[in-house]
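Everything on this sheet refers to the single structure shown next.
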Amino acid sequence: MDSSTTFLLAAHGSRHPEGNAEIEHFAAQWRERHPNWRIEVCFIEHAEVLLAEGLERAARGARQVLVIPFILNAAGHVKMELPAAMEVARANHPEVSFHCTRHLGMGREVFAVLQSQLDRLMKSLAMPDPQTTGVVLLGRGSSDAGANGELAKVGRWLFEANDHELVDLAFTGVTWPRLETVVQRQARLGMTQICIVPVYLFNGVLIERIKAQVERLRQHYPQIAFALGSYFGFDKGIFDLLDAKVAGRELPSGGLLECDGCKYREAAESEHLHDHSHTITVAAAPVHAHAQAVDAHDHQHDHQHAHI
């Protein structure tokens, strides 16, 4: 790989310092796999090095910057803020070519990681009978229906690849159902064991919250055996997925981000884009207004970019 290319991992960022530190550690491990590559890290929020600074650092001494959204689902951050930041970087560095892969996504590589998680959880149970063991895929949750639908797709894959009677979705925020509601439903339907599979790359505030939730559920449902998985960002499959993105094997159509260059993104930016420096206080827009802006963009985008 040409040393004049910089690979920029653009992660979400966490209020939990340990979560951001783990992403830096992941980048260090990825550098060990490719010692000749120049790999940088930035965050969309809750960190010191945000998108603008990350793109500036990546551009120094480079002829090309390949941004990799280190995020599982493409919601507003990936569809709006990242393309906007890249446009500014292109204007500031006309001598540098900026490209972007698609986000990590919920493809077969991530499915394989989640299947391995589920296999380990089943082996940890005293009576690993899939007919009486419910599965809950637990995602972050988004106001973007497409992002939530990606998790639903993987849930269906898990259902068809295994013999579990129930494979359900739950979310830790923004959308529904929540974990407690899904567990209540599975208990009523006769599940005596429940495997909870968090769909999270790294540690953070929400991972700690999930642990507390499951502890309360154990106390409330003493007749049910719970098996809780963990985040999976250091799984070999994630490194392999990034390698495939860099090699272009996963994106045959080229390095165009889903909404990079889409004219309808500009119409929605005024509703969606906001400051992530966390040094100023901005009144939050109502959730339904945010969702309407993103949904309107997605509706137009689907008609204009059906080939993607």
Side-chain angles (χ1 to χ4, degrees), residues 10-13 44-45 69-84 100-111 113-114 135-160 166-183 185-186 196-201 204 206 209-210 250-251 253 256-274 276 284-308:
H12 184 280
I44 294 174
E45 59 184 352
F70 202 31
I71 294 174
L72 289 170
N73 295 309
H77 289 316
V78 173
K79 292 181 177 180
M80 304 276 193
E81 292 156 35
L82 184 50
C100 190
T101 72
R102 293 174 69 88
H103 58 288
L104 295 184
M106 291 288 172
R108 289 293 173 179
E109 300 88 353
V110 172
F111 164 71
V113 172
L114 295 175
V135 178
V136 182
L137 277 182
L138 184 57
R140 179 184 295 271
S142 169
S143 58
D144 187 298
N148 298 329
E150 285 285 291
L151 187 63
K153 176 183 70 176
V154 176
R156 184 65 194 183
W157 286 351
L158 282 175
F159 178 82
E160 296 197 6
L166 295 176
V167 177
D168 289 322
L169 307 183
F171 301 93
T172 52
V174 183
T175 191
W176 290 269
R178 301 296 167 82
L179 179 60
E180 291 83 356
T181 301
V182 174
V183 167
R185 172 178 174 268
Q186 291 197 353
I196 300 171
V197 184
V199 188
Y200 282 78
L201 284 172
L206 294 180
R209 188 179 302 170
I210 290 167
E250 203 218 25
L251 193 62
S253 60
L256 183 66
L257 184 65
E258 185 169 350
C259 292
D260 189 13
C262 173
K263 65 180 180 180
Y264 295 106
R265 173 173 59 81
E266 298 176 3
E269 280 182 352
S270 60
E271 288 284 346
H272 179 77
L273 288 179
H274 56 281
H276 282 297
V287 171
H288 65 84
H290 167 92
Q292 287 172 356
V294 174
D295 289 345
H297 166 265
D298 288 346
H299 177 73
Q300 297 284 9
H301 183 276
D302 291 341
H303 282 289
Q304 294 293 322
H305 297 272
H307 64 283
I308 293 180

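We count residues from 1, following the sequence as given. Heavy atoms only: backbone and side chains are in, while hydrogens, waters and symmetry mates are out.
By the salt bridge (charged side-chain N to carboxylate O under 4.0 Å, His left out) test, R108 is found to be paired with no residue, residues two or more places apart in sequence or in another chain being considered. Evaluation of the side-chain contact (heavy atoms from CB on, under 4.5 Å) rule for A147 yields N73, A75, S142, D144 as partners, not counting sequence neighbours. For R178, the side-chain hydrogen bond (donor to acceptor under 3.5 Å, both in side chains) test picks out no residue, with sequence neighbours left out. For R185, the side-chain hydrogen bond (donor to acceptor under 3.5 Å, both in side chains) partners are D168, not counting sequence neighbours. Partners of F111 according to the ring pair (Phe, Tyr, Trp, His ring centres under 6.0 Å) rule, which considers only residues two or more places apart in sequence or in another chain, are W157.
Atoms CD1 and CG, from I196 and L179 in turn, are 4.5 Å apart once rounded to the nearest 0.5 Å. We find the CG-CG distance between L169 and L138 to be 10.0 Å, quoted to the nearest 0.5 Å.
Inter-residue side-chain proximity for L72 and M106 is flagged as met; some heavy-atom pair is nearer than 4.5 Å. Residues V110 and V154 are not in side-chain contact: their nearest non-hydrogen atoms beyond the backbone lie 4.5 Å or more apart. At least one side-chain heavy atom of L104 sits less than 4.5 Å from a side-chain heavy atom of L201.
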Can you give the donor-acceptor pairs under 3.5 Å from side chains of residues 170-177 to other protein atoms, not counting sequence neighbours?
unit_1: T172; atom_1: OG1; unit_2: G139; atom_2: O; d: 3.4
unit_1: T172; atom_1: OG1; unit_2: R140; atom_2: O; d: 3.1
unit_1: T172; atom_1: OG1; unit_2: Y200; atom_2: OH; d: 2.6

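The heavy-atom pair separating L82 from C100 by the smallest distance is CD2-SG, 3.9 Å.
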